[in-house]
Amino acid sequence: MGPAELVQAAAMARRFYLEGKSKIQIAEEFGVSRFKVARVLETALERDLVRIEIRVPSELDAERSDALRARYGLRHAVVVESPADTPPAFGSQTPPDDAADPENLGEVAADLLGELVTEGDVLGLAWGRSTIHMAAALHHLPPCTVVQLTGVYDAGTADRGSVEAVRRAADVAGGEAHPIYAPMLLPDSATAEALRRQTGIARAFDYFDKVTVACVSIGSWEPGVSTVYDMLSEQEREHYASLGAAAEMSAHLFDAEGRRIGRDLGERCITVEADRLRRIPEVVAIAGGRRKADAIGAVLRSGLVTSLVTDTAAADHLLLETGPGPRPALDRADPDGA
């Protein structure tokens, strides 16, 4: 390109990329056809006269996020950088960052909820370390009601339970809080049913059908990364493992294909029913780490989740699967037909 062509290309590029003018407007200004403008702009890119950069915060991986969204038919997928590798603690074979969801997932999920929740929504929070981190990181939410979707892991430990997460989110939103003061797992279904009829718990359950955005955690079927697993006896763990348990979410168990198993466990739990969860328009799961990757894949196949916040370690494993990927979140398909 000669000097005159370079000057003209730079001027056209400035009009198009910086000033937002259309090709027709530029063509009229320079007295050429819009096809000529299109060729000049294309040449400007080819000759490196114009450079286009797509920049997101360094902790976000836009390419993996888009690939994961497309593969699983998710509405939103946000992948963050995994924590830097650190050596395991003395006597441990597991790096500390892979033992549980990285805390930065909760921070990113808090920002995502700030986008998804609108005034008048009903936000549902299930128990989980990641949802607790998310609630602690909340700085802004439109006015909304916040309801607890599950009982707590330890009803006597307030700083570990979703009660505090629900109250924190409601304080940020300036809305009503509907916590559940009950453990997640009960000794038998009769005790669980009696608790569900208690006034405060029944009031929270009445809100389940009104929830528009829910936030849940995912656990794999192993100690330390599944709340339900840790609450059960060894005999019960072996029983559900024999049924093919691969993942747990809100006290619901799934096999590797995303089919629900062990439904008798749900009868003993204070938790939102799977059918109600499937009817919630937006269900955001927060889970990461290589140890949870298979469990995340199982829950995505269940069709209960519409959006995911995860890290590169889990995303890379999920994207390694060959063949056409499952996309149940597009139509909230139920893999076991129930």
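- Formation of a donor-acceptor pair under 3.5 Å by the H252 side chain with backbone atoms of T271 is not found in this model.
- We find the OG1-CZ distance between T312 and R64 to be 5.5 Å, quoted to the nearest 0.5 Å.
- For the side-chain contact (heavy atoms from CB on, under 4.5 Å) test, residues two or more places apart in sequence or in another chain that qualify with S65 are V79.
- Note: L141 CG to L113 CG = 6.5 Å, rounded to the nearest 0.5 Å.
- Surrounding CD of E19 are more than 12 heavy atoms belonging to other residues, nucleotides or ligands, all under 6.0 Å away.
- Side-chain contact between L105 and V80: present, with at least one pair of heavy atoms (C-beta onward) separated by less than 4.5 Å.
- Side chain of S307 to backbone of H76: a donor-acceptor contact under 3.5 angstrom is found.
- Expressed to the nearest 0.5 Å, how far CD1 of I26 lies from CZ of R14 amounts to 12.0 Å.
- In summary, D66 and R69 engage in a salt bridge, as defined by a charged side-chain N under 4.0 Å from a carboxylate O.
- The only member of L318, I296, L308 that meets side chain to side chain contact (heavy atoms under 4.5 Å, CB included) when paired with Y72 is L318.
- Within the 4.5 Å cutoff, the side chain of L300 has heavy atoms near those of the L74 side chain.
- The shortest distance between side-chain heavy atoms of S302 and R260 does not fall below 4.5 Å.
- Not counting sequence neighbours, R168 has no partner by the salt bridge (Lys or Arg N to Asp or Glu O under 4.0 Å) test.
- Qualifying side-chain hydrogen bond (donor to acceptor under 3.5 Å, both in side chains) partners for E273, counting only residues two or more places apart in sequence or in other chains: R276.
- Applying the side-chain contact (heavy atoms from CB on, under 4.5 Å) criterion to A67, with sequence neighbours excluded, gives L319.
- Between the CG atom in L195 and the CD1 atom in I201 there is a gap of 4.5 Å [rounded to 0.5 Å].
- Put simply, the side chain of R268 never gets that close to the backbone of D264: no donor and acceptor are under 3.5 Å apart.
- Residues R196 and I270 meet the side-chain proximity criterion, which asks for heavy atoms closer than 4.5 Å.
- For the residue pair A9 and L49, the shortest heavy atom distance occurs at CB-CD2, 3.6 Å.
- Partners of A126 under the side-chain contact (heavy atoms from CB on, under 4.5 Å) rule, at least two apart in sequence or in another chain, are L149, T150, V216, S250.
- Side-chain atoms of D121 do not come within 3.5 Å of backbone N or O of L123 as any donor-acceptor pair.
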Please test T212 against E282 for side-chain contact (heavy atoms from CB on, under 4.5 Å), starting from the C-alpha separation and ending with a verdict.
-> CA-CA 6 Å; T212 50; E282 184 74 75; over 6 Å; no
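- Under the side-chain hydrogen bond (donor to acceptor under 3.5 Å, both in side chains) criterion, H317 pairs with R290, D294, sequence neighbours left out.
- Shown here for C269 and L265, the closest heavy-atom pair between the two residues is SG-O, 3.3 Å.
- If you chain together hydrophobic residues whose side chains sit under 4.5 Å apart, L45 and V37 fall into the same group.
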Mind running side-chain contact (heavy atoms from CB on, under 4.5 Å) on L304 and M249 for me, showing each step along the way?
-> CA-CA 10 Å; L304 291 173; M249 179 182 68; 3.8 Å; yes
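- Between Q8 and M12, some side-chain heavy-atom pair lies under the 4.5 Å cut-off.
- Residues V7 and Y17 do not share a hydrophobic cluster, defined by chaining ILVMFWY side chains whose heavy atoms lie under 4.5 Å apart.
- Listed by first and then second residue, the side-chain hydrogen bond (donor to acceptor under 3.5 Å, both in side chains) pairs involving residues 26-38 are R15-E29 (not counting sequence neighbours).
- Checked by atom type and distance alone, the side chain of D230 never pairs as donor or acceptor with a backbone atom of P223 at under 3.5 Å.
- Criterion: ILVMFWY side-chain heavy atoms under 4.5 Å apart, direct or through other members. Under it, I24 and L41 are not part of a common hydrophobic cluster.
- When all heavy atoms of L125 and M134 are compared, the closest pair comes out as CD2-CE, 3.6 Å.
- Note that CZ of F254 is 14.0 Å distant from CG of L243, once rounded to the nearest 0.5 Å.
- In this structure, D171 contributes its side chain and G174 its backbone to no donor-acceptor pair below 3.5 Å.
- For R279 (side chain) and D209 (main-chain N/O), no donor-acceptor pair under 3.5 Å exists by modelled atom type.
- Distance alone, capped at 3.5 Å, is enough to place a donor-acceptor pair between the R237 side chain and the L232 backbone.
- Under a 3.5 Å cut-off, the side chain of S130 and the backbone N or O of I286 do form a donor-acceptor pair.
- Nearest heavy-atom pair, A170 versus A177, reported as atom, atom and distance to 0.1 Å: CB-CB, 3.6 Å.
- For the ring pair (Phe, Tyr, Trp, His ring centres under 6.0 Å) test, no residue two or more places apart in sequence or in another chain qualifies with F16.
- The two atoms that bring A204 and P179 nearest to each other are CB-O, 4.3 Å, heavy atoms only.
- The side-chain heavy atoms of L68 and T310, taken from C-beta on, include a pair separated by under 4.5 Å.
- Under the rule for a side-chain contact (heavy atoms from CB on, under 4.5 Å), the partners of E176 that lie at least two apart in sequence or sit in another chain are T145, H178, Y207.
- Looking only at side-chain heavy atoms (C-beta outward), F205 and I180 come within less than 4.5 Å of each other.
- Within the 4.5 Å cutoff, the side chain of W127 has no heavy atoms near those of the S217 side chain.
- Under the 3.5 Å distance criterion, the side-chain polar atoms of E193 are left unmatched by any main-chain donor or acceptor of A190.
- Listed by chain and residue number, nothing satisfies the ring pair (Phe, Tyr, Trp, His ring centres under 6.0 Å) test with Y240 (two or more places apart in sequence, or in another chain).
- Partners of T227 according to the side-chain hydrogen bond (donor to acceptor under 3.5 Å, both in side chains) rule, which considers only residues two or more places apart in sequence or in another chain, do not exist here.
- V228 and A251 get closest at one heavy-atom pair: CG2-CA, 3.7 Å.
- Shown here are the side-chain hydrogen bond (donor to acceptor under 3.5 Å, both in side chains) partners of S233, two or more places apart in sequence or in another chain: E236.
- Expressed to the nearest 0.5 Å, how far CG of D311 lies from NZ of K292 amounts to 10.5 Å.
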